[in-house]
2 protein chains.
Amino acid sequence: MIQNLTEHQREGLQEALAHGGQKVTAQREVVYSVLLAKRDHPTVDEVFQRARESMPGLSLATVYNCLETFVGCGLVRQVNHERESTRYCPNLAPHAHFRDDSTGRVHDIELPANVLQTLRSILPAGFETDSIEISFHGHTKNKTSRHSN
Amino acid sequence: MIQNLTEHQREGLQEALAHGGQKVTAQREVVYSVLLAKRDHPTVDEVFQRARESMPGLSLATVYNCLETFVGCGLVRQVNHERESTRYCPNLAPHAHFRDDSTGRVHDIELPANVLQTLRSILPAGFETDSIEISFHGHTKNKTSRHSN
DNA sequence: GTTGGTGTTTAGAATGATTCAAAATCTGAC
DNA sequence: GTCAGATTTTGAATCATTCTAAACACCAAC
Ligand SMILES: [Mn+2]
Ligand SMILES: [Mn+2]
Ligand SMILES: [Zn+2]
Ligand SMILES: [Zn+2]
């Protein structure tokens with residue numbers, strides 16, 4: 001069961017879409033709320049399954065369309081690991097991803113500004129960066145594994 | 001035109017394959033020499049085209065097989081950028097990749113040990129890393145763009 | 001030097017995530 | 001209410017990769 005967007009979230013959506021001359025639609029609201037509701041980096045198909053619970057007529061193509069629109073707006077990031085299905089992440093803070101090879105789960109890893117700066121510094125002159133992606137692979141010793149969802 | 005492997009390179013190949021109980025074959029030699037000859041991170045298809053110049057009967061499936069074998073041996077790395085075709089890299093030193101969005105070219109970026117260490121340090125307790133991938137996106141101001149190939 | 005087993009290569013079919021194309025639907029301005 | 005433009009829907013197309021089964025190469029044993 002997906003809760004609706006808060007007024008604040010809806011405004012964020014509306015504002016981001018407006019930048020590209022696009023509008024809030026019922027489908028976009030549902031898809032965005034799915035992403036916000038459970039931040040486990042779902043695949044397109046997982047988003048589709050979850051979104052259909054609140055909007056049964058929704059089509060897979062529309063989920064692809066919405067997600068592409070959000071990425072274009074900068075509202076959402078794509079997360080790729082090797083050749084697996086693309087996953088989606090609404091966390092706009094700079095962060096890296098850790099993919100647990102035993103569970104398949106993807107975790108956000110906070111990325112301090114100074115680390116980002118260090119990374120940029122390894123580029124030779126003439127390389128102008130638009131974005132940096134960092135992904136870790138491994139497994140988690142889940143002793144005190146706290147984290148909701 | 002692909003030159004043959006040096007004796008040293010052939011030994012590296014043989015030694016790496018031996019670890020998994022596998023043998024050097026004519027096809028594996030050709031595919032590996034293609035990777036060493038032009039280190040521009042070719043896709044499977046590009047490897048295929050180049051390899052066929054010295055071995056016309058070679059099949060695409062074999063190129064996939066060889067590359068997978070090399071990756072399994074640790075002889076070669078896979079390089080993924082977004083959803084594009086996988087590329088292959090025989091550079092075994094720790095390095096990041098920079099993908100020039102205007103040319104599509106992928107460059108190696110040397111990765112100093114201390115930077116790698118800094119990166120590992122951002123992981124919370126309980127996260128055990130097997131590998132880290134770093135990819136930059138952007139474009140290159142090609143003023144004094146030197147670099148053979 | 002023939003034979004049999006094992007790993008490798010080959011050709012082609014199958015898969016599956018993603019993209020595309022075209023018709024149907026919605027929306028908001030006039 | 002009508003129209004134009006944007007969005008959504010359905011189903012087909014794409015295309016990199018994987019799978020399957022048959023042919024082949026290699027080598028050790030006879
Ligand atoms: Mn703004
Ligand atoms: Mn060894
Ligand atoms: Zn994330
Ligand atoms: Zn490389």
From [atom1] of [X] over to [atom2] of [N], roughly how many Å is that when rounded to an integer?
| X | N | atom1 | atom2 | answer |
| --- | --- | --- | --- | --- |
| A:E82 | D:dT18 | CD | C1' | 16 Å |
| B:N65 | C:dT6 | CG | C1' | 16 Å |
| B:L58 | C:dT9 | CG | C1' | 9 Å |
| B:E46 | D:dC15 | CD | P | 16 Å |
| B:R28 | C:dT10 | CZ | P | 11 Å |
| B:Q78 | D:dT17 | CD | C1' | 11 Å |
| B:H81 | D:dA16 | NE2 | C1' | 18 Å |

So do B:L17 and B:C73 actually touch side chain to side chain, heavy atoms under 4.5 Å? yes
Under a 4.0 Å N-O cut-off, is there an ion pair linking A:R99 with A:E82? no
For nucleotides 3-5 of chain C, which of its nitrogen or oxygen atoms have a protein nitrogen or oxygen under 3.5 Å away, and what is each distance?
none

Any residue meeting side chain to side chain donor-acceptor pair (under 3.5 Å) with [X], in chain and number order, not counting sequence neighbours:
| X | result |
| --- | --- |
| B:Q27 | none |
| B:R77 | B:H95 |
| A:T69 | none |
| B:D45 | B:Q49 |

Considering every strand and a 4.0 Å limit on heavy-atom distances, what is the contact class for [X]: base, sugar-phosphate, or nothing?
| X | result |
| --- | --- |
| A:S59 | base |
| B:G21 | nothing |
| B:T62 | base |

Distance in Å, B:D101 CG paired with B:F136 CZ, rounded so as to fall on 0.5 Å steps: 13.5 Å
If the sugar-phosphate is the primed atoms plus P, OP1 and OP2 and the base is the rest, what is the B/S/- string for nucleotides 15-30 of chain C, using protein heavy atoms under 4.0 Å? --SBB--------S--
When B:V31, B:V34, B:V76, B:T43 are each screened for side-chain contact (heavy atoms from CB on, under 4.5 Å) with B:Y88, the one that passes is B:V76
Just say parallel, tilted or perpendicular for the rings of B:H81 and B:H137, cut-offs at 30° and 60°. tilted
Distance test, side-chain N/O of A:Q27 to OP1/OP2 of D:dT9, below 4.0 Å: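 Checking A:Q27 against D:dT9: at least one side-chain N or O falls below 4.0 Å of OP1 or OP2.
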